[in-house]
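A quick write-up on the structure given underneath.
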Amino acid sequence: MEVRVANVRKEFDRFPALHDVSLDIRSGELIALLGPSGSGKTTLLRLIAGLERPTRGKIFFGEEDASQKSIQQRNIGFVFQHYALFRHMTVADNIAFGLKVRPAASRPPAADIRKRALELLDLVQLSGLENRYPAQLSGGQRQRVALARAMAIEPKVLLLDEPFGALDAQVRRDLRRWLRDIHDATGHTTVFVTHDQEEALELADRVVVMSQGRIEQVGTADEVYDTPNSPFVYGFIGDSSSLPAKVEDGQVWVADRPVGLSVDGVPEGKGTLFFRPHDVELLDGCGGCIAGTVANSRRVAETRRVELEIGGDRRRVEIELPIDHPAAQKSRVAFRPRRWKLFPSEA
């Protein structure tokens, strides 16, 4: 099922939570809404679900305007962060709940409902636990039951709001891989909200990066990481460092000196230079480079992160070095970004 969000605005007590947002979600796509708290991602998910109504704009399911339809009319499967399972019901009854409460005319026979619940238990790798209660399950198992319950009604669209947010890091990683496998096996159009960029980049076909009620960029994991289109996206996706800079005669200047970087199509004047800590080359000394004084050095997994103070204002940036690289101990380090982006200052 294709979902189209068309020029949607949402206000709460006249405060705009979403500003004129448009988004096309392809049928069978797994898409992530990614952004910091307050970016509007959960509001957008709730609008797609029918839990909120847009102040302005429309939401289409296929060619049908679903903007004023309820969550039941939209046939949505919804998975919450904290499971929302019925504690007094067994696992099988939790999964079957959405089918049991259907109107009599559309309710399957009891035997078919039971069969569907057991099939989904097998799909989510919880066979044999149908008679347990939620309190007898781990957090990861409860979230699998919640997903099975959402899928039981054969939804047009599956929506997940921070589905792994209440779980520890290792369980999150395991469930991410599992959810991707489930999606590939079932082919549901799936939208999930997360503030965890690693989760979004690993799981999603496309990532929707949001900030302050607006969509900043939509693209694959490679696109939003390798070619961010705004300072916000560059700073939010992955680790990055930035320095105030300026462009003169097609050259990038930092701290009143050219740094050996040429730029085309960028207007002269002030801007901000962004680069990734791992995307730098060290230099023994140079007429055109970035140089700084080592202020801090720490181990990060198999590498070492070195914090440098740059220029007279002692602005700090990070670069990544091999764990035993001698530059980590030097008082002065010169480098040049290999991959970088310069964003002009807004007038």
Would you confirm whether the ring centroid of F275 sits within less than 6.0 angstrom of the ring centroid of F335? yes

Any non-hydrogen side-chain atom of V218 less than 4.5 Å from a side-chain atom of V224? no

Looking at R107 and R102, would you say the former's side chain and the latter's main chain have a donor-acceptor pair under 3.5 Å? yes

Beyond-backbone contact of F274 with P231, side-chain heavy atoms, under 4.5 angstrom: yes

Please determine, by modelled atom types, if E2 and T189 share a side-chain donor-acceptor pair under 3.5 angstrom. no

Taking only residues at least two apart or on different chains, which pairs with a member in residues 7-35 satisfy ring pair (Phe, Tyr, Trp, His ring centres under 6.0 Å)? none

Would you say that more than 12 heavy atoms from the other residues, nucleotides or ligands in this model lie under 6.0 Å from the CG of D184, or not? yes

Under-4.0 Å salt bridge between R26 and D205: no

Can you list the steps and then say if R214 with D20 is a salt bridge (charged side-chain N to carboxylate O under 4.0 Å, His left out)? CA-CA 8 Å; R214 293 181 171 86; D20 195 37; over 6 Å; no

Hey, does N229 have a side-chain heavy atom less than 4.5 Å from the side chain of V233? yes

Donor on one side chain, acceptor on other, H188 and T190, under 3.5 Å: no

Donor + acceptor pair across side chains of E199, T194 (<3.5 Å): yes

Checking S127 against D122 for the side-chain hydrogen bond (donor to acceptor under 3.5 Å, both in side chains) test, could you report, in this order, the C-alpha distance in whole Å, the side-chain angles of both residues, the deciding distance, and whether it holds? CA-CA 5 Å; S127 294; D122 185 52; 3.2 Å; yes

Can we say E281 and R338 salt-bridge, meaning some charged N sits less than 4.0 Å from an Asp/Glu carboxylate O? no

Within 45° cone of Y225 ring axis and under 6.0 Å: R276 NZ or CZ: yes

Six-ring centre of F86, R149 cation under 6.0 angstrom, axis tolerance 45°: yes

Give a yes-or-no answer on whether the side chains of S230 and E216 include a donor-acceptor pair shorter than 3.5 Å. yes

